[in-house]
Amino acid sequence: MTKAPETSAAAIENKPRDFIREIIADDVASGRHDEIVTRFPPEPNGYLHIGHGKSMCLNFGAAAEFQGRCHLRFDDTNPTKEEQEFINAIEADVRWLGFNWGKHRYFASDNFEQLYAWAEHLIIEAKAYVDDLSADQIRVYRGTLTEPGKDSPHRNRSVDENLDLFRRMRAGKFEDGARVLRAKIDMASGNINLRDPVLYRIMRAHHPRTGDAWCIYPTYDYAHGQSDAIEGVTHSLCTLEFEDHRPLYDWLIENLPTPSRPRQYEFSRLNLSYTVLSKRRLTQLVKDGHVSGWDDPRMPTLAGLRRRGLPAAALRDFASRIGVTKNDSVVDMALLDHCVRDNLNKLAPRRMAVLDPLKVVIENYPEGESEELEAVNNPECDADGTRMVPFGRELWIERADFMEEPPKKFFRLTPGREVRLRYAYYVTCIDVIKDARGNVTELRCNYDPATKGGNSPDGRKVKGTLHWVSAAHAVGAEVRLYENLFTAEMPGAESGDMLDDINSCSLDVLANCQLEPALGKTAIGETVQFERQGYFAADPDSTPERPVFNRTIGLRDTWAKVQKKGG
RNA sequence: UGGGGCGUAGCCAAGUGGCCUAAGGCACCGGUUUUUGGUACCGGCAUUCGGAGGUUCGAAUCCUCCCGCCCCAGCCA
């Protein structure tokens, strides 16, 4: 059930599935490159989310389809925000999603010495200069969106003076922020990125990779394209907001003696309804404690989705379904849900678990006895075989599966009605026990021994089939039910503050769930189907005595829809 | 008001002048099967492509104008 066959089929047919692959296919056809090389370039300042997943599927996927390679490159040019913890987490997430960078793991910081040398080259060519203006002054000189900027008074320093100043910047002779190196392009350009962009800034910060070797650091614009060129990247794919950086990307490549000529192409970033995907906002959710951490199962981070129980293959399937374009779009969360159900339906073992238990006593079943009944592990996969499930006189069923006064289309248990207990027997409710306040506390039923396994020899039919757990054998557990983190499709769209749309009911912890015995041995991270309810993944918080499950996603529930319609 | 992009159904998205009275998927609505009210299967769901003109025998695809939305004024990426 992996997606690999589909991917290779697409590669064999060599059918571009989006405009990026079309560009690559054209370049392959024209023989522009010997080998296609892409790169996935995260900054290690946070955890990867599903939007990065889309990017990885594009970069690693397209490279593989064209027999090329994809590098993992950390864009680590700002040591004030980057941490080793994030580097480790990112690598784990890329691997989990199913991608392999082989020996091609790079850091922009690997290139610091070369980047510095090229900066001197620009200075010597009179294409870069050291500016003494403060950050505030530079902003003023930059002009506005509609008004051109003004040249800095230091724009026409001599090459020698610039070289000297820049060397002293590197040598730590100046305070943080005292000077910057700027490209000398065009202060009147309509494109603000071309108004003498900053290439280097002075920043005394400990870098996770280079430690304290540097006190000047290159900016993204200066480091990124040159790192692409050094690595031999042919297609540098990024999101739309970098579109107007492309002239600068090209300017630098054209004015530097780089070993190759990469090209940048832009596609639209992923937006998903009912969640947020900006690193700034995800960081805020974590830091302000609205979630338990980066791997909270409600988070759209890869770590969160993994803990929630989403299979990596479902995420890859999702990526291929949403496509790659330049349209601003918001993908319906329902599509992700569908991909998850589709994958898990084929692969997840079936088990029985009662989330909200109601006691049932089978009056005509002998006291103190029990038996084992055969249950199918996965009707979608015969090879998964069967298992034995214990049955006894006292059972747990789902409270929602009984109604004393049922509405018209309620097919489940009700006084006097016969239903099937899945893989067990037909039972009929003969009495309802209540407490002083009138709450149902227990059901008394009779079973028909001739219906063992769940079929009646006389061919009589029942409308309802219920899941159940033998009370004597049940394993107690905690189950965590999740909903979307936000109640609005686009959090914060109305008020400007996403917190106004946060869903206060996004987590519901059920402490008294009863599971069939086999569930007590579920491996952490494994996702199973609780029959008739949904898919659930064993959480790392589980202990041998008490498993904890996260609801990955519920089964489609047409009964809930019927109920809703009925009133 | 400068620069750069984008507009095909509720959502995503094919389409690159004639086979488009516009693929496919999600969602939704019907129905069949069913020991999961799950799955699977069948059927429905844009005479119309942001709008208006124009070119053409013929336009979602070409041209013109207009409208709407997104991004850019970090020494963030």
Side-chain angles (χ1 to χ4, degrees), chain A residues 17-18 22 41-43 45 75 77-78 80-82 131 133-135 138-140 142-149 176-182 188-195 197-203 216-217 219-221 223-224 238-247 266 268 273 279-280 320-339 341-342 345-346 350 352 375-376 379-380 409-412 420-424 426 451 453-455 461-467 489 529-534 554-563:
Chain A
R17 291 165 13 242
D18 54 66
E22 213 163 90
E43 183 191 12
N45 68 343
D75 235 328
T77 57
N78 186 354
T80 63
K81 294 186 176 175
E82 295 150 9
D131 199 349
L133 256 29
S134 69
I138 286 181
R139 178 160 23 81
V140 173
R142 186 157 33 227
T144 69
L145 293 178
T146 53
E147 296 161 311
D176 283 18
R179 282 178 230 261
V180 292
L181 182 74
R182 292 229 255 170
S189 173
N191 183 344
I192 289 178
N193 295 297
L194 262 21
R195 318 240 264 229
V198 171
L199 267 24
Y200 269 93
R201 68 280 214 201
I202 303 170
M203 197 186 262
I216 59 172
Y217 290 94
T219 56
Y220 162 85
D221 283 311
H224 198 95
C238 63
T239 43
L240 251 28
E241 65 271 26
F242 293 103
E243 211 154 14
D244 44 21
H245 289 237
R246 187 169 5 114
E266 311 85 14
S268 51
S273 59
K279 217 177 268 186
R280 200 205 100 236
S320 81
R321 291 192 199 223
I322 59 176
V324 177
T325 70
K326 299 184 75 153
N327 301 340
D328 282 323
S329 61
V330 181
V331 177
D332 195 336
M333 182 67 92
L335 179 60
L336 211 211
D337 291 347
H338 174 265
C339 294
R341 288 194 186 103
D342 192 45
N345 173 54
K346 291 169 189 144
R350 271 58 169 174
M352 291 197 285
V376 173
E380 306 291 323
K409 290 187 176 165
F410 187 83
F411 302 148
R412 283 111 95 145
R420 171 168 42 231
L421 294 180
R422 185 150 224 229
Y423 300 126
Y426 284 12
T451 59
N455 288 303
K461 302 285 183 197
V462 289
K463 289 279 264 181
T465 299
L466 274 46
H467 62 276
E489 279 191 39
Q529 185 193 98
F530 289 178
E531 294 230 22
R532 301 208 303 137
Q533 308 198 90
L555 254 26
R556 284 188 64 209
D557 189 354
T558 46
W559 166 236
K561 268 182 205 167
V562 170
Q563 275 181 309

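Here is the naming used below: chain letters follow the sequence lines, and residue numbers restart at 1 for every chain. Note that these values count all heavy atoms, side chains included, but never hydrogens, waters or copies made by symmetry.
- The side chain of A/F410 approaches B/G37 more closely than any other nucleotide in the set B/G37, B/C26, B/C12.
- Dashed line: the shortest gap from a side-chain N or O of A/N191 to OP1 or OP2 of B/C72 is not under 4.0 Å.
- Between A/R142 and B/C72 there is no side-chain N or O to OP1 or OP2 distance below 4.0 Å.
- When the side-chain nitrogen and oxygen atoms of A/T144 are compared with OP1 and OP2 of B/U1, none of them lie within a distance under 4.0 Å.
- When distances run from any side-chain atom of A/D244 to the nucleotides B/C72, B/U36, B/G15, the shortest one goes to B/C72.
- Remark: A/H338 is in phosphate contact with B/C26, judged by side-chain N or O atoms under 4.0 Å from OP1 or OP2.
- When the nucleotides B/C70, B/U36, B/A77 are ranked by their closest atom to the side chain of A/D328, B/C70 comes out on top.
- B/A13: no Watson-Crick or G-U partner with both key distances under 3.5 Å is found in any strand.
- Taking atom C1' in both B/G58 and B/G44, one finds a spacing of 31 Å when rounded to whole Å.
- Considering only side-chain atoms of A/V198, the nucleotide from B/A73, B/C75, B/G5 that sits closest is B/C75.
- Look at A/R556 and you'll find a side-chain N or O under 4.0 angstrom from OP1 or OP2 of B/U39.
- A/R139 comes within 4.0 angstrom of sugar-phosphate atoms only, judged by non-hydrogen atoms across all strands, and of no base.
- For A/F411, the listed nucleotide lying nearest its side chain is B/G37; candidates were B/C11, B/A77, B/G37.
- For the pair A/H245 and A/P197, the minimum side-chain heavy-atom distance is 4.5 Å or more.
- Across the strands present, B/G18 finds its partner in B/C57; the criterion is a Watson-Crick or G-U wobble pair with both atom distances under 3.5 angstrom.
- Across all strands shown, B/A23 forms no Watson-Crick or G-U wobble pair with both key distances under 3.5 Å.
- One can place CD of A/E489 at 13 Å from C1' of B/C26, the figure rounded to the nearest angstrom.
- Within the 4.0 Å cut-off from OP1 or OP2 of B/C72, not a single side-chain nitrogen or oxygen of A/N193 is found.
- Side-chain proximity of A/P379 to the nucleotides B/G4, B/G38, B/G5 is greatest for B/G38.
- By the 5.5 angstrom centroid cut-off and the 30-degree plane limit, A/W559 is classified as stacked against the base of B/G37.
- B/G30 is paired with B/C42 under the Watson-Crick or G-U wobble criterion, all donor-acceptor distances under 3.5 Å.
- For A/K409, counting side-chain heavy atoms from C-beta on, the closest listed nucleotide (B/U36, B/G37, B/G25) is B/G37.
- Base orientation for B/G74: syn, the chi torsion being within 90° of 0.
- In terms of phosphate contacts, A/T146 brings no side-chain nitrogen or oxygen within less than 4.0 Å of OP1 or OP2 of B/A73.
- Closest approach to the A/R350 side chain among B/A77, B/U36, B/C72 is made by B/U36 (side chain taken as heavy atoms from C-beta onward).
- In this structure, the side chains of A/L335 and A/R321 come closer than 4.5 Å at one or more pairs of heavy atoms.
- Contact check, A/R201 against B/A77: a side-chain N or O comes under 4.0 Å of OP1 or OP2.
- Partner assigned to B/C65 is B/G51, using Watson-Crick or G-U wobble distances below 3.5 angstrom.
- Base pairing analysis places B/G2 opposite B/C72; the two distances defining the Watson-Crick or G-U wobble pair are each below 3.5 Å.
- Considering only the side chain of A/K326, B/C6 comes nearest among B/G2, B/C6, B/G38.
- A side-chain donor from one of A/R420 and A/T465 sits under 3.5 Å from a side-chain acceptor of the other.
- Under a 4.0 Å N-O distance rule, the pair A/K561/A/D557 does not qualify as a salt bridge.
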